[in-house]
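Reading through the structure tokens given below for one structure.
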Amino acid sequence: MGIEEIGGQKTAGASKIEPTKGKLGVMVVGLGAVATTMIAGVEAVRRGLAKPIGSLTQMGRIRLGKRTDNNFPLVKDFVPLADLNDIVFTGWDIFEDNVYESAAHAKVLDEKTLAELKPFLETIKPMPAVFDQYYVKRLHGTHVKKGKNKRDLANQVIADIQAFKKTVDRVVMIWCGSTEIFMEATAVHESVAAFEKGLENNDIGIAPSQIYAYAALSEGVPFANGAPNLTVDTKAMIELSKKNNAPICGRDFKTGQTFMKTVLAPAFKARHLGVSGWFSTNILGNRDGEVLDDPESFKTKEESKLGSLEYIFQPELYPDLYKDLYHKIRINYYPPRGDDKEAWDNIDIFGWLGYPMQIKVNFLCRDSILAAPIALDLVLFLDLAKRSQELRSIGIQEWLSFYLKAPQTAEGLYPEHDLFIQSMKLKNTLRHIMGEDLITHLGLEYYD
Ligand SMILES: NC(=O)c1ccc[n+]([C@@H]2O[C@H](COP(=O)([O-])OP(=O)(O)OC[C@H]3O[C@@H](n4cnc5c(N)ncnc54)[C@H](O)[C@@H]3O)[C@@H](O)[C@H]2O)c1
């Protein structure tokens, strides 16, 4: 068999992956717009009411072997993923609303769909949350845990996880909670020992999202971070993740504007077209938009959204094309639009001999409709990683950067933001763990 196109990088054979058995428990932190849209969507798909559009795990195919082999199995038939029918949801929120009430409040899904799903959605009631308004200024939580210090709160979350574990076979946790204030790693994040001391001392550097993450990883539970928060992006959490074979990934679901950015920017770069300005603005009226109206939460989001262009364009290597790029991002809270976000991008580019051109992108999207399948895929792939002997002990699952705005990487490694590199990386990782040949698209063997 000619393996040129498929890489010359034959993998050594399938690494061991435990089969899916029994129920997969999904613990969701923050039962707001994204979470309820994911949960309701999974139930709608299970009942045959709708299709899981936007989900690679449910609808995607993966090419195996040469182009002439014509072999494109469904991803979910190729790798052992939990079946949607085997997923059980639970979660935490700072409000007492059950998933039906919260979904009705979010107004993402229409009333008819929600009414059909109501008996199921009503059964999922949030557990009291770990919350502190210092970290999310615009929210006033009422359904919150009380504890003598952060260690006590972490222990309460650990107890929630242990109780849930008794009812299911495997557990994954995902943060779909609000964006916390901008934070950077400090001494308390240097090691697990320092972090644990910080829990005892109520260190200000430990935000609620980190307490959930610590609890999950202590229990060997994989953790995905759908928000731009620091959460698992610290030495302490990476150490804990590796120690307990609990895979992690973050940060921030890549849904609307950044999704488009990481498609368009690689195209300009590939053609060596220059970019002098990229102005991105958004209007958004859901609770996420309200939280992001606070400058401290906005800063966390801004940092997460800003990084992609810098890494894609590599201005230090292409100063003539990208050195003077002015990149600006704005998010404006505008209640009438609810979850139906509108994003505008004005892109000033230049071509041959420096002649300027403009591109305008106006994306009228639905934030949570785009985010829900991403949250689902992350949960299913983290569960796969946990069952894979090769992936479970490496900590950060960089192959999931496809889904993330500010992908977490090993120390000293710059993140890949180009959506198509990310897609190839994801699929090659699946081929690799299943012992299939990697695909590099060289293709010379067709012309032998
Ligand atoms: N919707 C998208 O397309 C998208 C894209 C990328 C990232 N995100 C991020 O995902 C997160 C969720 O977005 P959303 O639109 O569902 O927001 P949302 O405001 O509708 O939901 C967040 C929920 O988290 C709860 N919460 C806040 N702090 C909590 C805590 N400490 N413990 C438990 N629950 C807590 C809130 O009460 C709320 O119900 C946000 O951080 C957002 O920035 C969303």
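Both counts, for ligands and for their atoms, begin at 1 and track the order of listing.
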Does any N or O atom in Ala35 lie less than 3.5 angstrom from one in ligand 1, N or O only? no
Is there a heavy atom in Ala106 that sits closer than 4.0 Å to ligand 1? no
Of the listed options (Phe259, Phe131, Tyr212), which comes nearest to atom 28 (N) of ligand 1 when hydrogens are ignored and any heavy atom counts? Phe131
Indicate the ring-plane relationship of Tyr311 and His417, choosing parallel, tilted or perpendicular according to the 30° and 60° boundaries. parallel
Residue, atom name and distance, where the atom is the protein heavy atom closest to atom 17 (O) of ligand 1: Asp288 CB, 3.7 Å
Restricting to heavy atoms, the pick from Gly177, Cys365, Ser209, Gly289 nearest atom 40 (C) of ligand 1 would be Gly177
The protein heavy atom nearest to atom 18 (P) of ligand 1 is Ala33 N, 3.9 Å
Would you please determine whether Ile94 falls within less than 4.0 Å of ligand 1 on a heavy-atom basis? yes
Are Lys118 and Tyr100 in a cation-pi contact, defined as NZ or CZ under 6.0 Å from the six-membered ring centre and within 45° of the axis? yes
Does an N or O anywhere in Thr255 fall below 3.5 Å from an N or O of ligand 1? yes
Classify the contact between Val130 and ligand 1 as side chain, backbone, both or neither, using a heavy-atom distance cut-off of under 4.0 Å. backbone
May I ask you to decide whether Asp169 forms a salt bridge with Lys21, counting only side-chain N to carboxylate O separations under 4.0 Å? no
